[in-house]
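Heads up, the thing below is written out as structure tokens.
Remember, predicted model here, so these are calculated numbers, not experimental data. Chain A is the first sequence line, chain B the second, and so forth, proteins listed ahead of strands; every chain is numbered from 1.
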Amino acid sequence: MDMIKWLLEKLKGMYGEMSEWWPGETPFHIAIGAILTQNTTWTSAYKSLQNLIQAGLDTPEALYKADVNILMELIRPSGFMRQKAHYLKNLAEFVCRDLKCRLENLRYVDNPREKLLGVKGIGKETADSILLYGLHLPYFVVDAYTKRLLSRLGIIDQKTYYDDIARLFTENLPKDVKLYQEYHALIVEHAKRRCKKKNPLCQSCLLKDQCLVGKKEDQDTQDV
DNA sequence: AACCAGGAGAGAG
DNA sequence: CTCTCTCATGGT
């Protein structure tokens, strides 16, 4: 009855291995990308990230000193430029002030997750993304896809909290960073493939979390 | 031409 | 604590 492990095997069978799913040369690049990709596609976030790298604003020091108006132009492609520009500066300020300008030092402090959550602009998913993909620490990333998929499968209901969903994974899987990384990647990869059919219960659609065309939320909790 | 994308913060009740 | 609103741009 371990749906978590069952789902993992199912997804692996469908999409194969997901190695190096989150590109990034440095942990700080991962962190920047995590903020930039909030509620946008990775391709858009990637353009902004490249702009920052090209402008030499991809280090905590440079970002900390950078002019916000310049930042806003560079990250325009990924949307929400006004707030994200400040979010990036908040991140840079935190890293410089509390971590001696090295994000890697977050490994050696107590409650690294709480420290990240203290930065305005870094919520739970962003924090966990930084920890898991940037610092290779065993935190499970939960996003809207994860929540929708699990609720569609009847494993959880729609109002289950983030931390409870994350715990569902960590308690039913070996504590393995690579495994956490791949599992989340598989869920996102799966969600990106839009379902052609409209029947949410058809066998081929069973795992699709966007079978209900045009509906962002399930309009009811129809039992299977 | 609506709809959504690898969310988060702020405000109201 | 639980909704609801806003934020911006780019691609179907």
Side-chain angles (χ1 to χ4, degrees), chain A residues 7 11 15 18-24 29-52 68-91 93-94 113-134 139-152 156-166 169 180-196 198 207-219 221:
Chain A
L7 178 59
L11 291 172
Y15 307 113
M18 293 274 123
S19 53
E20 292 302 315
W21 174 69
W22 193 311
H29 282 186
I30 304 276
I32 292 175
I35 288 175
L36 290 177
T37 197
Q38 286 169 4
N39 206 42
T40 45
T41 59
W42 172 253
T43 52
S44 295
Y46 191 73
K47 291 176 189 167
S48 296
L49 177 58
Q50 291 307 312
N51 287 344
L52 291 176
V68 194
N69 296 305
I70 305 270
L71 275 183
M72 286 183 1
E73 282 313 306
L74 294 173
I75 67 174
R76 178 183 286 280
S78 47
F80 303 106
M81 36 193 255
R82 270 167 253 241
Q83 46 224 24
K84 284 180 181 176
H86 286 101
Y87 292 172
L88 289 176
K89 283 187 75 73
N90 293 342
L91 168 70
E93 179 182 6
F94 163 69
R113 188 171 191 255
E114 290 305 314
K115 295 283 198 305
L116 282 176
L117 290 175
V119 178
K120 185 192 288 184
I122 297 184
K124 291 178 178 179
E125 183 183 343
T126 306
D128 289 335
S129 297
I130 295 172
L131 293 166
L132 180 61
Y133 291 100
Y139 290 82
F140 202 90
V141 178
V142 177
D143 62 355
Y145 294 149
T146 310
K147 191 169 184 176
R148 257 182 280 166
L149 179 54
L150 290 195
S151 101
R152 186 68 54 79
I156 62 171
D157 59 79
Q158 294 163 294
K159 58 177 180 58
T160 308
Y161 294 116
Y162 183 105
D163 291 332
D164 292 327
I165 299 175
F169 286 92
Y180 290 3
Q181 289 179 339
E182 180 169 17
Y183 207 153
H184 173 67
L186 282 167
I187 291 174
V188 174
E189 205 55 36
H190 168 72
K192 284 201 285 198
R193 323 227 172 166
R194 297 197 82 92
C195 183
K196 302 285 190 293
K198 301 188 177 185
L207 295 178
K208 298 292 183 183
D209 59 9
Q210 292 176 341
C211 284
L212 300 180
V213 211
K215 292 296 178 184
K216 182 170 187 174
E217 293 292 333
D218 304 349
Q219 47 233 51
T221 51

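- Between the NZ atom of A:K84 and the C1' atom of C:dC7 there is a distance of 9 Å, given to the nearest Å.
- Computed from coordinates, the A:K159 NZ to C:dT4 C1' distance equals 19 Å when rounded to whole Å.
- At the heavy-atom level, A:K47 lies under 4.0 Å from the strands shown only through sugar-phosphate atoms.
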* Structure fact -> Each nucleotide of nucleotides 7-13 of chain B classed B (base within 4.0 Å of a protein heavy atom), S (only sugar-phosphate) or -, in 5' to 3' order, makes BSSS---
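- Residue-level contact check: A:Y46 touches neither bases nor backbone, having no heavy atom under 4.0 Å from any strand.
- Only one option out of A:H190, A:E189, A:E182 pairs with A:Y15 in a side chain to side chain donor-acceptor pair (under 3.5 Å); it is A:H190.
- Straight-line distance from the CH2 atom of A:W42 to the C1' atom of C:dG11: 17 Å, rounded to whole Å.
- Atom pair A:M72:CE and C:dT9:C1' shows a separation of 13 Å (rounding to whole Å applied).
- Note: A:Y133 and A:H184 have tilted aromatic rings, judged against thresholds of 30 and 60 degrees for the angle between ring planes.
- Taking the P atom of each, B:dG11 and C:dA8 are spaced 16 Å apart, rounded to whole Å.
- Phosphate contact (OP1/OP2 of C:dT9, side-chain N/O of A:R76, threshold under 4.0 Å): present.
- If you measure from atom CD of A:Q50 to atom P of C:dG10, you get 16 Å, rounded to the nearest angstrom.
- For A:Y180 and A:F169, the ring centers sit 6.0 Å or farther from each other.
- Across the protein-nucleic acid pair, A:R82 atom CZ and C:dA8 atom P stand 5 Å apart, rounded to whole Å.
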* Full working for side-chain hydrogen bond (donor to acceptor under 3.5 Å, both in side chains) between A:D143 and A:T146 -> CA-CA 5 Å; A:D143 62 355; A:T146 310; 2.6 Å; yes
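- Salt bridge present: A:R113 and A:D163 bring a charged side-chain N and a carboxylate O closer than 4.0 Å.
- Distance, A:L36 CG to B:dA5 P: 18 Å, rounded to whole Å.
- Residues A:S129 and A:T126 bring no donor and acceptor atom of their side chains to less than 3.5 Å of each other.
- Only the P atoms considered, C:dC5 is 15 Å distant from B:dC3, to the nearest whole Å.
- Residue-environment remark: OH (A:Y46) stays at or below the threshold of 12 foreign heavy atoms within 6.0 Å.
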